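Heads up: the structure comes next, in structure tokens.
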Number of protein chains: 2
Amino acid sequence: MKVNKELLKGSTVILVLSLLDRAPMYGYQMIKEIEKKSGGVFKFKEGTLYPILHSLEANGMIESYWLGNEGSRQRKYYRITDKGNHCLKEKQQEWETFRSAVDKILTGRLIYGYKTE
Amino acid sequence: MKVNKELLKGSTVILVLSLLDRAPMYGYQMIKEIEKKSGGVFKFKEGTLYPILHSLEANGMIESYWLGNEGSRQRKYYRITDKGNHCLKEKQQEWETFRSAVDKILTGRLIYGYKTE
DNA sequence: TATCTATGCATAGTTAATCTAGGTATTAAT
DNA sequence: ATTAATACCTAGATTAACTATGCATAGATA
């Protein structure tokens, strides 16, 4: 990770659902995709992604199916469900709220008075 | 919190340092200030803020001093140090990187192919 | 004057998201 | 044949923020 990894907390699910909202993918592919799209900023660990996928599937946000590439290796693809799509929309709104709130504080002006010893 | 509290992780320190970069403040004041500036999105708990302040002080990012309001109650003010200011600049850059990377994924286009069963 | 609310600092223990570190197996390249 | 990349998985450790307290002062209100 190029950034403080704690920053990522709370953002992983929206990143995963965003990817799957555009196309079904398998886990390993998502790791590469996220790294590529983020310009190398996010490098998901397998120990991070796979438990998230399993949890999202258990909650009905995504569905999985095995698919082989013309007789070659089997890959476990995930696609987003209607419920997951609804959840994604909520999280997109949440992200906008969060980002805006942080920026307000980073760029904000002083409200209360100034006091020093 | 109006947003998933996990989103906040990794962002607390930059928020605190940003406030102190504009004026010294005491803890309770910072809680109110952050709530006000964020439009009510962030409501820091005391159990969140005070340990952060103590940790930042232990690391030389901020300094504290007690100050009374004309003979009234004593308040513990914090001001940012040079080291803290340097840290803040790094974290501002980190925030930009992070925010931009998330937005790239949320709005990004498909890179690999599309596959379904 | 008694009580309630807001202010103000502090911390021990809990929770939960991510990482570490390991495992297994297939495929492609050297 | 060996190595690197691909591809899945999970138990346990880490750690940041929260919960739930405690204590104390100041101001308002009845």
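Proteins come first, then strands; the chains are lettered A, B, ... in the order of their sequence lines, and each starts at number 1. Worth knowing before you read on, the calculation uses all heavy atoms, side chains too, and leaves out hydrogens, waters and symmetry mates. All values derive from a computational prediction rather than experimental measurement.
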Whole-Å gap separating [atom2] ([N]) and [atom1] ([X]):
X	N	atom1	atom2	answer
A:Asn4	D:dA16	CG	P	8 Å
A:Glu35	D:dT6	CD	P	10 Å
B:Met30	C:dC9	CE	P	10 Å
B:Phe44	D:dA16	CZ	C1'	12 Å
A:Glu57	D:dT10	CD	P	11 Å
A:Leu67	D:dC8	CG	C1'	15 Å
B:Trp66	D:dA24	CH2	P	14 Å

Do the side chain of A:Ser55 and the main chain of A:Pro51 share a donor and acceptor less than 3.5 angstrom apart? no
Using a 3.5 Å distance criterion without hydrogens, assess whether the side chain of B:Ser64 forms a donor-acceptor pair with backbone atoms of B:Lys76. no
What's touching nucleotides 4-7 of chain C from the protein side, N or O pairs under 3.5 Å?
unit_1, atom_1, unit_2, atom_2, d
C:dT7, OP2, B:Tyr28, OH, 2.7
C:dT7, O5', B:Tyr28, OH, 3.1
C:dT7, O2, B:Arg73, NH1, 2.7
C:dT7, O2, B:Arg73, NH2, 3.3

Extract from the structure each pairing of a protein N or O with an N or O of nucleotides 16-18 of chain C at less than 3.5 Å, listing the distance.
unit_1, atom_1, unit_2, atom_2, d
C:dA17, N3, A:Lys9, NZ, 3.4
C:dT18, OP1, A:Gly10, N, 3.1
C:dT18, OP1, A:Thr12, OG1, 2.7
C:dT18, OP2, A:Thr12, OG1, 3.0

Among C:dG22, D:dG22, D:dT19, which nucleotide has an atom closest to any side-chain atom of B:Lys45?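 The closest nucleotide is D:dT19.
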Between A:Tyr50 and B:Leu49, name the one whose nearest nucleotide on DNA chain D is closer to the 5' end.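 Its nearest nucleotide lies further toward 5', so the answer is A:Tyr50.
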Hey, which sits more toward the 5' end of DNA chain D by its nearest nucleotide, B:Glu46 or A:Leu53?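 Comparing both residues, the 5'-ward one is A:Leu53.
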Hey, does [Y] have a side-chain heavy atom less than 4.5 Å from the side chain of [X]?
X	Y	result
B:Lys91	A:Asn4	yes
A:Val3	A:Phe42	yes
B:Leu15	B:Leu8	yes

Electrostatic pair B:Lys9-B:Glu6, nearest N-O below 4.0 angstrom: yes
Parallel, tilted or perpendicular: ring planes of A:Trp95 versus A:Phe98, cut at 30 and 60 degrees: tilted
For A:His86, I'd like to know if atom NE2 has over 12 heavy atoms of other residues, nucleotides or ligands within 6.0 Å. no
Pairs touching residues 43-65 of chain B that satisfy salt bridge (charged side-chain N to carboxylate O under 4.0 Å, His left out), sequence neighbours left out: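 Listed by first then second residue: B:Glu35-B:Lys43, B:Glu63-B:Arg79.
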Check the phosphate of D:dC8 against A:His54, side-chain N and O only, distance under 4.0 Å to OP1 or OP2. Yes or no? no
